[in-house]
Enquirer: 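Here it is, the structure, as structure tokens.
The analysis underlying the following values was restricted to heavy atoms, covering all of them including side chains, and did not include hydrogens, waters or symmetry mates. On a predicted model such as this, the values are computed, not experimentally measured, just so you know.
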Amino acid sequence: MSNLPSPQSPEQRPDQAEEPRAGRPGYGRKPRVAVVFGGRSSEHGVSVVTAASVLRAIDRDKYDVLPIGITTEGRWALTADAPDRMAIAERRMPTVEQVTDHEGAVVLPVDPANREVVYTEAGAVPKALGEVDVVFPMLHGPYGEDGTLQGLLELSGVPYVGAGVLASAVGMDKEYMKRIFTSFGLAVGPYVVIRPREWEQDPAAARDRVLAFAAQHGWPLFVKPARAGSSFGITKVDGPDGLDAAIEEARGHDPKVIVEAALSGREIECGVLEFEDGPRASAPAEIPPPTTHSFYDFEAKYIDSAEGVVPAPLTPEQTAEVQRLAVAAFEAASCEGLVRADFFLLDSGEFVINEINTMPGFTPISMYPRMWQESGIGYPELVDRLIQAALRRPTGLR
């Protein structure tokens, strides 16, 4: 256990009755950032890759860093600060297990008056790892990006980067995301939802609803898990024969399924970043149709690295409009910190919002950092701005 981070000694801890807490204004040490990554979702590997880039970029002269990985089973593990071991290799995604040598678990505080993280291991005395001032949750998908981790951090009273509980949940559930956008006057594409009980109890009725939807909007359809990301579980369906298999594929990731009509147009993305005076939009990007894939799926995104065009070749008026809509989507979902908003620019010239991502892919070659690089904010500065915004933000209702 000698290679665990050293706990704070009593003389290092301020008298809470007389001095500010460690890491808060007025105290001498560097703020401590816990980078949390991995998780129980199918996007585990994407999260590990993303966290590696953030670990490389954090200014170690300005922040202390504590990497914490969540295994696919849900154990919070103390990991090595070793981003080189967290890369895609031979077309395989990395795991938290590759960067942890410990069998114990990391435990966050449950008392908002105490931000001290503890390491526990069977048969050993728990070891304090010191206080954490802010969490950078680099989790993608359910059990991390969907409001669950955010709720835990709210209960713990620990500030964190990114959207809060509501916005995180909205950003994960494609059905309710679309409902909220529609209520705020944002255009969304046609869709139909298959709920778990409906498919389990009367699949024929569910299938008939989708076929009626296809009769109205045409083929192909995109069948998706309602609460997943990184294009996992998505199938492009060209006719009725492939429908059942596509639904079952989506249900392998989420029992709730959303079916969307295909839209004819260009894929445009725009980043939103929260500044001191409010959210601002980046230069937009365009995702050209992939040449080796039928659509922009997981392999096209992460394995074969389909290239986006930054900035998107839009007119000044189109650029201004998509930036306006991206900020409007950020505000509609009550987001904080950052968002990547994805749109279709239809042949008619109208922008239709597809979805938002409250914790987008965050490697230096990911679209969100590339859009901000084009807008004058490089990767290390982007990471620093997100941490500083989280440190400024009060905990609790806001």
Side-chain angles (χ1 to χ4, degrees), residues 33-55 65-83 85-88 92-108 117 119 132 134-156 158 160-165 167-174 225-234 252-256 298 301-302 337-340 355-363 366 368 383 386 390:
V33 182
V35 177
V36 180
F37 60 96
R40 292 165 54 194
S41 84
S42 53
E43 297 179 76
H44 179 99
V46 178
S47 172
V48 175
V49 172
T50 297
S53 298
V54 172
L55 288 172
V65 177
L66 178 65
I68 299 174
I70 302 177
T71 68
T72 53
E73 291 77 30
R75 177 172 66 93
W76 289 50
L78 188 66
T79 69
D81 190 355
R85 291 160 57 186
M86 300 160 64
I88 299 172
R92 297 178 62 183
M93 302 300 287
T95 66
V96 164
E97 284 78 3
Q98 292 175 204
V99 283
T100 182
D101 302 318
H102 306 288
E103 295 299 323
V106 174
V107 181
L108 288 181
V117 174
Y119 177 82
V132 164
V134 62
V135 169
F136 204 136
M138 304 307 304
L139 295 157
H140 300 299
Y143 312 111
E145 192 183 351
D146 59 349
T148 51
L149 175 63
Q150 290 73 17
L152 174 63
L153 295 173
E154 292 286 353
L155 289 173
S156 301
V158 180
Y160 54 92
V161 171
V165 175
S168 296
V170 167
M172 182 54 53
D173 192 309
K174 293 177 174 62
R227 295 163 295 191
S230 296
S231 297
F232 278 109
I234 298 179
H253 298 268
D254 183 358
K256 179 179 172 182
F298 173 80
K301 286 180 180 179
Y302 296 104
L338 73 163
V339 150
R340 193 194 71 232
E355 63 182 16
I356 58 170
N357 195 316
T358 57
M359 185 50 71
F362 216 86
T363 70
S366 297
Y368 184 86
V383 170
L386 289 168

Enquirer: Over all heavy atoms of both residues, which pair between P360 and R340 is shortest? Give the atoms and the distance, please.
Expert: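 Scanning both residues completely, I find the closest heavy atoms to be CB-NH1, 3.7 Å.
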
Enquirer: From I356 CD1 over to L338 CG, what is the distance, rounded to the nearest 0.5 angstrom?
Expert: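 Here the rounded value is 10.5 Å.
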
Enquirer: What are the two closest heavy atoms between V99 and A82, and how far apart are they?
Expert: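 The answer is CG1-O, 3.9 Å.
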
Enquirer: Could you pull out the closest heavy-atom pair between V134 and A390, with the gap in Å?
Expert: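 Heavy atoms only, the tightest pair is CG2-CB, 3.6 Å.
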
Enquirer: Can you sort out the partners of T363 under side-chain hydrogen bond (donor to acceptor under 3.5 Å, both in side chains), two or more places apart, ordered by chain and number?
Expert: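 T363: side-chain hydrogen bond (donor to acceptor under 3.5 Å, both in side chains) contacts with S366.
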
Enquirer: Please assess L153 against L108 for the test side chain to side chain contact (heavy atoms under 4.5 Å, CB included), listing each intermediate value before the final yes or no.
Expert: CA-CA 8 Å; L153 295 173; L108 288 181; 3.6 Å; yes

Enquirer: Are the side chains of I234 and P225 in touch, meaning some heavy atoms are under 4.5 Å apart?
Expert: yes

Enquirer: Just verifying a value: how many Å separate T71 OG1 and E97 CD, rounded to the nearest 0.5 Å?
Expert: 5.5 Å

Enquirer: Under 3.5 Å, side-chain donor or acceptor atoms of residues 35-42 against the rest of the protein: list the pairs with distances, not counting sequence neighbours.
Expert:
{"from": "S41", "atom 1": "OG", "to": "E43", "atom 2": "N", "distance (Å)": "3.0"}
{"from": "S41", "atom 1": "OG", "to": "H140", "atom 2": "O", "distance (Å)": "2.7"}
{"from": "S42", "atom 1": "OG", "to": "H253", "atom 2": "ND1", "distance (Å)": "3.4"}

Enquirer: Could you grab the distance from atom NZ of K174 to atom CG of D254, nearest 0.5 Å is fine?
Expert: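 CG of D254 is found 8.5 Å from NZ of K174.
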
Enquirer: As an exercise, state the distance from CG of D173 to CZ of R227, rounded to the nearest 0.5 Å.
Expert: 5.5 Å

Enquirer: Quick check: do L149 and Y160 have side-chain heavy atoms less than 4.5 Å from each other?
Expert: no

Enquirer: Provide the closest heavy-atom pair for A228 versus M172 in the form atom of the first, atom of the second, distance.
Expert: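 Taking every non-hydrogen atom into account, N-SD, 3.8 Å.
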
Enquirer: Considering only heavy atoms from C-beta outward, does the side chain of H44 approach that of M93 to under 4.5 Å?
Expert: no

Enquirer: Between the side chain of T100 and the main-chain N/O of L78, is any donor-acceptor distance below 3.5 Å?
Expert: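 Checked: pair present.
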
Enquirer: What pairs with V165 under side chain to side chain contact (heavy atoms under 4.5 Å, CB included), at least two apart in sequence or on another chain?
Expert: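 V165: side chain to side chain contact (heavy atoms under 4.5 Å, CB included) contacts with Q150, E154.
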
Enquirer: Within a strict 4.5 Å, meaning less than it, do heavy atoms of the L139 and I70 side chains meet?
Expert: yes

Enquirer: Could you check if a side-chain atom of V96 sits within less than 4.5 angstrom of a side-chain atom of M86, using non-hydrogen atoms only?
Expert: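 The answer is no; the side chains never approach within 4.5 Å.
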
Enquirer: Name all residues meeting the salt bridge (charged side-chain N to carboxylate O under 4.0 Å, His left out) criterion together with D146; count only those two or more places apart in sequence or in a different chain, and write none if there are none.
Expert: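 For D146, no residue satisfies salt bridge (charged side-chain N to carboxylate O under 4.0 Å, His left out) once neighbours in sequence are set aside.
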
Enquirer: Taking side chain as C-beta onward, heavy atoms only, is Y368 less than 4.5 Å from N357?
Expert: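 Contact flag for Y368/N357 side chains = no.
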
Enquirer: Do V170 and T358 have side chains that approach each other closer than 4.5 Å (heavy atoms only, starting at C-beta)?
Expert: no

Enquirer: Under the side chain to side chain contact (heavy atoms under 4.5 Å, CB included) rule, collect the residues that match up with Q98, sequence neighbours excluded.
Expert: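 Partners of Q98 under the side chain to side chain contact (heavy atoms under 4.5 Å, CB included) test: P94, T95.
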
Enquirer: Taking side chain to side chain contact (heavy atoms under 4.5 Å, CB included) as the test, write out the residues that go with A169, two or more places apart.
Expert: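 So A169 forms no side chain to side chain contact (heavy atoms under 4.5 Å, CB included) with any residue.
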
Enquirer: To the nearest 0.5 Å, what is the distance between CG (L66) and OG1 (T79)?
Expert: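 Those atoms lie 8.0 Å apart.
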
Enquirer: Measure the spacing between CG of L386 and CZ of F362 and express it to the nearest 0.5 Å.
Expert: 5.0 Å

